[in-house]
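Keep in mind that what you see is a predicted model, and the values were worked out from it rather than measured.
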Amino acid sequence: MGRRPNPPSYRSNSDLLPLRPFLQTLPTNSSPQSSDLDLFATDRGGALPTPRGPYSFWRANKFIIAAIVITFVVISAIALGITFGLRSRSTTPASSPSPSSAPSFTPSSPSTTIPSPSSLASGPTTLSIPIDLQTSFRSSSWIWLDMNGLSGVPQGDWAFRKTLPESTVPATEAMALITGDNSFLLYHNGRLVAADTDTIQGWRQSTAAHVHLDPNSNVFAIQIRNYPADSDGIGNSSAGLLASFQIKYTDGSTSILSADDTWRAAHPVPSGFQFPTFDDSNWSTTVMLGTYGVAPWGTSISLPLDGSILVI
């Protein structure tokens, strides 16, 4: 095999003059590398290579593609937000009363907010209703403003009050057992401590409440609401209050305070009657309609379960 001659060396531009016609036929950019040949095709006329691969398509149209992608993302976000908003609106229930909302039975004083009985309790309790309180409740008397409580009174609200008698030993707490025909609100020193706002037959279930007493003065005030005899709102109906309290003192002793003819009553209900500073000296004393079991109530009043005692 012959030896390949050495390439000529060009020391100046004048040496390149014979090659000028050939150099002018070359493209101005450098020749493509062998790896680039797959991405280009050269026509027979010797025209410049035309881009054919995906990378070149992206470089030529990158702004249009980016605009399309951004538009798609924005539209998707808007559609997702609208869908989520509609779903939230359709699955969110209508505003319902909270446990502290006032029931239909409201007091005469508009400044007082009535919570539901369940919201009055401070939490689960292991307190039990004392036996002597159960006994006194079932031996106490129904009371009313007058004897019409038995024969029937019109629809409306009545107020009852009792001041705890003074004692040489300070009182510390009380357990109340109470029911009213048809519904009642029980206050201690102006604070609502128990309520039965059920209609018509609510009196068949008594309510128990535990109350911390003031060492100096304690007033129990009760508002009773009576409903008509029939569903059309026509006719008088029986009405009454049945209540008993066990009072505990600092020395550990106890006493019983029951609703009797020493309580005071008024109709209609005066504003602010539940507060200790209210003057009830001109109120009438109550009358006793009959002991527990008297008609029309009988002995069908249920005692509350131990776990349902309201702790105030």
Side-chain angles (χ1 to χ4, degrees), residues 105 107-108 129 132-165 174-188 193-209 219-230 233-247 255-270 273-274 280-304:
F105 183 14
S108 60
I129 302 174
D132 61 340
L133 179 59
Q134 298 181 37
T135 302
S136 65
F137 178 76
R138 287 176 169 160
S139 60
S140 58
S141 295
W142 287 89
I143 65 171
W144 197 247
L145 180 61
D146 50 41
M147 292 303 296
N148 289 333
L150 289 174
S151 58
V153 297
Q155 179 180 7
D157 296 330
W158 278 256
F160 298 83
R161 281 172 57 96
K162 178 65 177 181
T163 300
L164 187 66
M175 177 81 75
L177 195 55
I178 179 175
T179 188
D181 183 4
N182 293 99
S183 301
F184 75 86
L185 303 173
L186 170 63
Y187 298 90
H188 168 253
V193 296
D196 174 17
T197 58
D198 193 6
T199 59
I200 311 302
Q201 300 298 318
W203 60 269
R204 294 184 180 276
Q205 174 65 61
S206 61
T207 300
V219 175
F220 292 104
I222 302 172
Q223 181 175 340
I224 299 289
R225 171 163 292 183
N226 186 53
Y227 296 99
D230 55 48
I234 302 174
N236 295 346
S237 63
S238 58
L241 166 64
L242 185 69
S244 192
F245 301 80
Q246 184 200 64
I247 311 299
S255 66
I256 295 295
L257 173 70
S258 295
D260 56 21
D261 55 5
T262 64
W263 286 54
R264 294 182 177 273
H267 174 72
V269 178
F273 83 100
Q274 69 269 36
D280 62 5
S281 59
N282 62 344
W283 284 19
S284 302
T285 55
T286 58
V287 298
M288 293 188 293
L289 304 178
T291 58
Y292 178 90
V294 67
W297 301 288
T299 59
S300 59
I301 301 174
S302 302
L303 295 178

Min side-chain heavy-atom separation Gln205-Pro304 under 4.5 Å: yes
With rounding to the nearest 0.5 Å, note down the distance linking CD1 in Ile143 to OG1 in Thr262. 8.0 Å
Could you pull out the closest heavy-atom pair between Leu257 and Ile247, with the gap in Å? CB-CG1, 4.5 Å
Taking atom types as modelled, find out whether Asp181 and Ser238 have a side-chain donor-acceptor pair closer than 3.5 angstrom. yes
How far does OG1 of Thr163 sit from CG of Asp280, to the nearest 0.5 angstrom? 6.0 Å
Distance flag, aromatic centroids of Trp158 and Phe184, threshold under 6.0 Å: no
Judged by atom type as modelled, is there a donor-acceptor pair below 3.5 Å linking the side chain of Ser258 to the main-chain atoms of Phe137? no
How close do Trp283 and Pro270 get, heavy atom to heavy atom, and via which atoms? CZ2-CG, 3.7 Å
To the nearest 0.5 Å, how far apart are CH2 in Trp263 and CZ in Arg161? 10.5 Å
Compute whether any side-chain donor of one residue and acceptor of the other, for Ser136 and Ser244, lie under 3.5 angstrom apart. yes
Trp297 vs Trp203 aromatic rings, parallel, tilted or perpendicular, using cut-offs 30° and 60°? perpendicular
Are the side chain of Asp157 and the backbone N or O of Val269 linked by a donor-acceptor pair below 3.5 Å? no
How close do Ser139 and Thr291 get, counting heavy atoms only, and between which atoms? O-CG2, 4.1 Å
Does the side-chain contact (heavy atoms from CB on, under 4.5 Å) test come out yes or no for Thr179 and Leu242, once each step is laid out? CA-CA 5 Å; Thr179 188; Leu242 185 69; 3.9 Å; yes
Relative to the ring of Phe273, is the ring of Tyr187 parallel (under 30°), tilted (30 to 60°) or perpendicular (over 60°)? perpendicular
Rounded to the nearest 0.5 Å, what separation is found between the OG atom of Ser281 and the CZ atom of Arg264? 7.0 Å
Could you verify whether a donor N or O on one side chain and an acceptor N or O on the other, from Ser183 and Arg225, lie under 3.5 Å apart? no
Contact check, side chains of Val294 and Leu289, non-hydrogen atoms, under 4.5 Å: no
Is Phe220 close to Val193 at the side-chain level, that is, under 4.5 Å between some pair of heavy atoms? no
Nearest heavy atoms of Asn182 and Asn226, plus distance in Å: OD1-OD1, 3.2 Å
Minimum-distance pair of heavy atoms, taken over all atoms of Ile222 and Ile178: CD1-CD1, 3.6 Å
Using 0.5 Å steps for rounding, measure from the CZ atom of Arg138 to the OG atom of Ser206. 8.0 Å
Shortest non-hydrogen separation from Asn236 to Pro154 and the atoms involved: OD1-CA, 3.4 Å
Straight-line distance of His267 NE2 to Asp146 CG, nearest 0.5 Å: 10.0 Å
